[in-house]
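One structure is given below, encoded as structure tokens.
Order of the sequence lines fixes the chain letters, A, B, ..., with proteins taken first and strands second; residue numbering starts at 1 for each chain. On a predicted model such as this, the values are computed, not experimentally measured, just so you know.
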Amino acid sequence: EADIYQTPRYLVIGTGKKITLECSQTMGHDKMYWYQQDPGMELHLIHYSYGVNSTEKGDLSSESTVSRIRTEHFPLTLESARPSHTSQYLCASTSGKGTQYFGPGTRLLVL
Amino acid sequence: GENVEQHPSTLSVQEGDSAVIKCTYSDSASNYFPWYKQELGKRPQLIIDIRSNVGEKKDQRIAVTLNKTAKHFSLHITETQPEDSAVYFCAALSGGSYIPTFGRGTSLIVHP
């Protein structure tokens, strides 16, 4: 079944660690996104990509980077995690008409 | 850029009542308006959407209305049930853009 997958689902790490949050989709979509969301709160766009080798920063400066080497894969990297990065990270892709399909999210806790 | 205001931030109703969530947008070029439901601990999921060439759309107990002149659109849920309890997000997209602007969300609580 076509879906969006995120790993890990939960992550607890110490300050200063480098981490990569994985996102893969089998939807066949070109456009992919990363959002930061405290549970039940606003969705903040942090990165997006229109296709392979395309990456753009969103409205929220999150001190993270992304890459898009393959259509189905859009990983997010934090070079040096801080407690302020504690949040939920949602990956999404979009259909041709603009509907967003979200992954299950990664809950990150930085100690 | 686009700005989407969503009200109320919290809505509490009794089971069986109707619930209405309203959003206003600023960019007259916006032409696609989806609504997402996010249950506790789950991902946001599309529940209904409307395009600017349509004034109203219904799907069983939910409906969305759009007033392009006033630049607002609303989600209507009739005969609410406890499983309708969730956070609801509206969004707006303009033609050719694939970056939605989301409202800040409405927490709907349906009391049995």
A:Y33 side chain to B:I99 backbone, donor-acceptor under 3.5 Å:
no

Starting at CD of A:Q100, measure out to CG of B:D49 and round the result to the nearest 0.5 Å.
12.5 Å

Residue A:M27 excluded, over 12 heavy atoms near CE under 6.0 Å:
yes

For the CD atom of A:Q37 and the CZ atom of B:F102, what is their distance to the nearest 0.5 Å?
9.5 Å

same_hphob_cluster(B:W35, B:V20) at 4.5 Å side-chain heavy-atom cutoff
no

Hydrophobic clustering (ILVMFWY, side-chain heavy atoms < 4.5 Å, transitive) - are B:I47 and A:L90 grouped together?
no

Check this for me: A:L111, atom CG, are more than 12 non-hydrogen atoms of other residues, nucleotides or ligands nearer than 6.0 Å?
yes

Heavy-atom distances under 4.5 Å only: say whether A:T94 touches chain B with side chain, backbone, both or neither.
side chain

Can you tell me how far apart CG (A:L45) and OG1 (B:T101) are? Round to the nearest 0.5 Å.
9.5 Å

Rounded at 0.5 Å granularity, tell me how far OH in B:Y98 sits from OG in A:S49.
13.5 Å

Please determine whether the number of non-hydrogen atoms from other residues, nucleotides or ligands lying under 6.0 Å from atom CD of B:Q60 exceeds 12.
no

Would you give the length of the straight line joining atom OH of A:Y101 to atom CZ of B:R43, rounded to the nearest 0.5 angstrom?
12.0 Å

Co-membership, hydrophobic cluster, residues B:L93 and B:Y25, 4.5 Å side-chain
no

Please report the closest heavy-atom contact between B:P100 and A:Y35, naming both atoms and the distance.
CG-OH, 3.6 Å

In Å and rounded to the nearest 0.5 Å, what is the OH to CG distance from B:Y36 to A:L43?
9.5 Å

B:E15, CD: over 12 other non-hydrogen atoms inside 6.0 angstrom
yes

Find the one option among A:A92, A:G103, A:G105 whose heavy-atom pairs under 4.5 Å with chain B are most numerous.
A:G103

Which answer fits B:P44, side chain, backbone, both or neither, if we ask what part of it has an atom under 4.5 Å from a heavy atom of chain A?
both

Given that the side chain runs from C-beta out, which part of A:P104 has a heavy atom under 4.5 Å from chain B: side chain, backbone, both or neither?
both

Would A:F102 end up clustered with B:V4 when hydrophobic side chains under 4.5 Å apart are linked, directly or stepwise?
no

Can you tell me which portion of A:Y48 sits under 4.5 Å from chain B's heavy atoms? Options are side chain, backbone, both or neither.
side chain

Within the distance-only criterion (no hydrogens, no angle test), does the side chain of B:R104 pair as donor or acceptor with the backbone N or O of A:E42 below 3.5 angstrom?
no

Do B:Y88 and B:V64 land in one hydrophobic cluster if side-chain heavy atoms of ILVMFWY residues count as linked below 4.5 Å?
yes

